[in-house]
Amino acid sequence: MSGRGLNQDGTIAREGALSRVPEAFAPVVDASRAQITEMFGSTRLHSAYLYGSIPRGAPIPGVSDLDLLLALRDEPTEADRADAKTIEAALDRSCAQINGVGILLSGAHTLLSELERHDGGFFVACLCTPLLGHDLAEQLPRYRPTSLLARETNGDLPLVLPRWRARAAEAATDADRKTLSRVVGRRIVRTGFTLIMPRWGGWTSDLSDSAELFGSYYPKRVEQMRVAAATGRTPSADPAVLSMFIDHLGPWLAAEYTAVHGEKAPRP
């Protein structure tokens with residue numbers, strides 16, 4: 001793999017592996033596998049994946065969260081979502097190494113669909129590490145850092161901003177604002193990075209690296225992006241930080257993204 005996250009043929013390399021999980025986090029991965037198997041079994045679960053800092057080998061004990069994707073044989077139901085919430089709570093309660101658990105649910109057929117080829121499909125093939133079941137990446141193409149990939153992964157920021165504003169208005173506690181700031185900070189950085197990804201010609205999921213690479217193309221906005229990267233790692237309860245993301249950096253980034261890459265294909 002090159003220093004730009006690419007294979008020798010120029011395609012984006014899969015960034016995580018179970019072999020990269022630090023020893024301190026191995027019990028977390030084992031507990032995740034056991035909980036998912038017990039709760040979902042082979043009748044509902046097609047495959048399960050880790051993503052984020054843990055399979056990349058870069059988690060911080062007591063700070064990093066655990067990120068999981070479950071690909072189900074059918075589209076997720078409310079019962080599936082409730083069971084995922086049960087697993088989230090159990091793992092968060094029993095594993096001191098992590099600070100929060102997030103489980104994404106999707107139908108395996110959806111992840112393999114043409115509409116999701118450069119979004120959910122890319123996510124599985126390049127950003128997820130197989131944990132259980134048959135790896136869907138074997139049925140997906142190799143990906144390159146193109147404008148199409150940029151558009152389909154993060155070209156919906158104009159649709160997301162109103163939802164963030166609504167959540168910010170409803171946030172009543174510091175905990176609410178911290179939760180939202182982490183989500184917003186990470187998404188802003190990832191959007192900023194994919195804005196410049198085709199020009200840079202590579203891939204990274206590291207928040208700090210993403211902010212600095214963005215800043216090499218948009219130096220006037222780099223300080224704001226550095227704040228977003230820091231908030232993505234260490235959430236902030238400051239309403240002014242959320243306002244900067246949602247009312248200032250976000251709208252500019254959404255407009256620039258649309259001008260450069262266009263808008264993401266509409267979803268049902």
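The analysis underlying the following values was restricted to heavy atoms, covering all of them including side chains, and did not include hydrogens, waters or symmetry mates.
There is no path of hydrophobic side-chain contacts, each under 4.5 Å, that joins L136 to I103. Grouping the Ile, Leu, Val, Met, Phe, Trp and Tyr side chains by contacts below 4.5 angstrom, directly or via other members, places V28 apart from L69. Residue L105 is not grouped with residue V183 when hydrophobic side chains (ILVMFWY) are merged at heavy-atom distances under 4.5 angstrom, including chains of intermediate members. Residues L213 and V222 do not share a hydrophobic cluster, clusters being chains of Ile/Leu/Val/Met/Phe/Trp/Tyr side chains in contact below 4.5 Å. Under the 4.5 Å side-chain heavy-atom criterion for grouping Ile, Leu, Val, Met, Phe, Trp and Tyr, L70 is not connected to L127 through any hydrophobic cluster.
In this structure the side chain of R117 reaches within 4.5 angstrom of the side chain of P141, judged on heavy atoms. The closest side-chain heavy-atom distance from I98 to P59 is not below 4.5 Å. With a 4.5 Å cut-off on side-chain heavy atoms, H46 and H134 count as touching. Under the 4.5 Å side-chain criterion, counting only non-hydrogen atoms from C-beta, L72 is in contact with F40. Under the 4.5 Å side-chain criterion, counting only non-hydrogen atoms from C-beta, R20 is not in contact with P55. The shortest distance between side-chain heavy atoms of Q97 and P27 falls below 4.5 Å. Between M39 and T86, the closest side-chain pair of non-hydrogen atoms falls below 4.5 Å. Put simply, the side chain of I54 does not reach to within 4.5 Å of the side chain of D67, judged on heavy atoms.
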Exercise for review: May I have the step-by-step check of side chain to side chain contact (heavy atoms under 4.5 Å, CB included) for L132 and L45, ending in yes or no?
Suggested key: CA-CA 9 Å; L132 286 165; L45 183 73; 4.1 Å; yes
Check your understanding: Going through the checks in order, is the side chain to side chain contact (heavy atoms under 4.5 Å, CB included) test met by I12 and L149?
Key -> CA-CA 11 Å; I12 296 172; L149 183 62; 3.6 Å; yes
Check your understanding: Could you walk me through whether Y218 and W252 pass the ring pair (Phe, Tyr, Trp, His ring centres under 6.0 Å) check?
Key -> CA-CA 12 Å; Y218 295 94; W252 171 84; 5.3 Å; yes
Practice item. Output, in order, the C-alpha distance, side-chain angles, deciding distance and verdict of side chain to side chain contact (heavy atoms under 4.5 Å, CB included) for S47 and D135. Key: CA-CA 7 Å; S47 48; D135 185 10; over 6 Å; no
Check your understanding: Could you walk me through whether T231 and R182 pass the side chain to side chain contact (heavy atoms under 4.5 Å, CB included) check?
Key -> CA-CA 6 Å; T231 305; R182 188 175 199 172; 5.8 Å; no
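For the residue pair S205 and R190, no side-chain donor N or O sits within less than 3.5 Å of a side-chain acceptor on the partner. No hydrogens or angles considered: nothing links the side chains of R14 and N7 as a donor-acceptor pair under 3.5 Å. For the residue pair T173/D176, the side-chain donor-acceptor check at 3.5 Å is satisfied. With no hydrogens or angles considered, no side-chain donor-acceptor pair links E116 and T110 at under 3.5 Å. With 3.5 Å as the limit, one finds no donor-acceptor pair spanning the side chains of T153 and D119. Under the 3.5 Å distance criterion, with hydrogens and angles disregarded, a donor-acceptor pair is assigned to the side chains of T11 and D9. Judged purely by distance below 3.5 Å, without hydrogens or angles, the side chains of H261 and S147 pair a donor atom with an acceptor atom. E263 and Y257 share no side-chain donor-acceptor pair at under 3.5 Å.
Nearest heavy-atom pair, L91 versus S32, reported as atom, atom and distance to 0.1 Å: CD1-OG, 3.7 Å. When all heavy atoms of Y143 and A125 are compared, the closest pair comes out as CE1-CB, 3.8 Å. Considering every non-hydrogen atom in both A26 and V21, the closest pair reads N-CG1, 4.0 Å. Scanning all heavy atoms of the two residues, the minimum distance from A265 to E152 falls at N-OE2, 3.1 Å. The two residues P145 and G201 have their closest heavy-atom pair at CG-C, 3.8 Å. Taking all atoms of both residues into account, the shortest heavy-atom contact from L115 to R267 is O-NH2, 3.0 Å.
With values rounded to the nearest 0.5 angstrom, L131 atom CG is found 10.0 Å from Y49 atom OH. Here the straight-line distance linking atom CZ of R187 with atom CG of L157 works out to 6.0 Å at 0.5 Å rounding. Rounded to the nearest 0.5 Å, atoms CG (L68) and CG (L104) are 8.5 Å apart. Note: L66 CG to L50 CG = 6.5 Å, rounded to the nearest 0.5 Å. Atom NE2 of H118 is separated from atom OG1 of T146 by 5.5 Å, given to the nearest 0.5 angstrom. Taken from CG in D83 to CD in E38, the straight-line distance is 11.0 Å, to the nearest 0.5 Å.
Residues F123 and Y51 bring their aromatic ring centres within 6.0 Å. Two rings, from F122 and W203, have their centers less than 6.0 Å apart.
Here D65 pairs with R186 in a salt bridge; the nearest charged N to carboxylate O distance falls below 4.0 Å. Between R226 and E212 there is a salt bridge, since a side-chain N of the basic residue sits under 4.0 Å from a carboxylate O of the acidic one. Taking 4.0 Å as the cut-off between side-chain N and carboxylate O, R165 and D247 count as a salt-bridged pair. Remark: R167 does not engage E170 in a salt bridge, criterion side-chain N to carboxylate O under 4.0 Å.
Proximity of a side-chain donor or acceptor of R44 to a complementary backbone N or O of R73 within less than 3.5 Å is not detected.
More than 12 heavy atoms of other shown residues, nucleotides or ligands fall within 6.0 angstrom of atom NE2 in H248. Annotation for D30: atom CG counts as buried by contact number, over 12 foreign heavy atoms lying within 6.0 Å.
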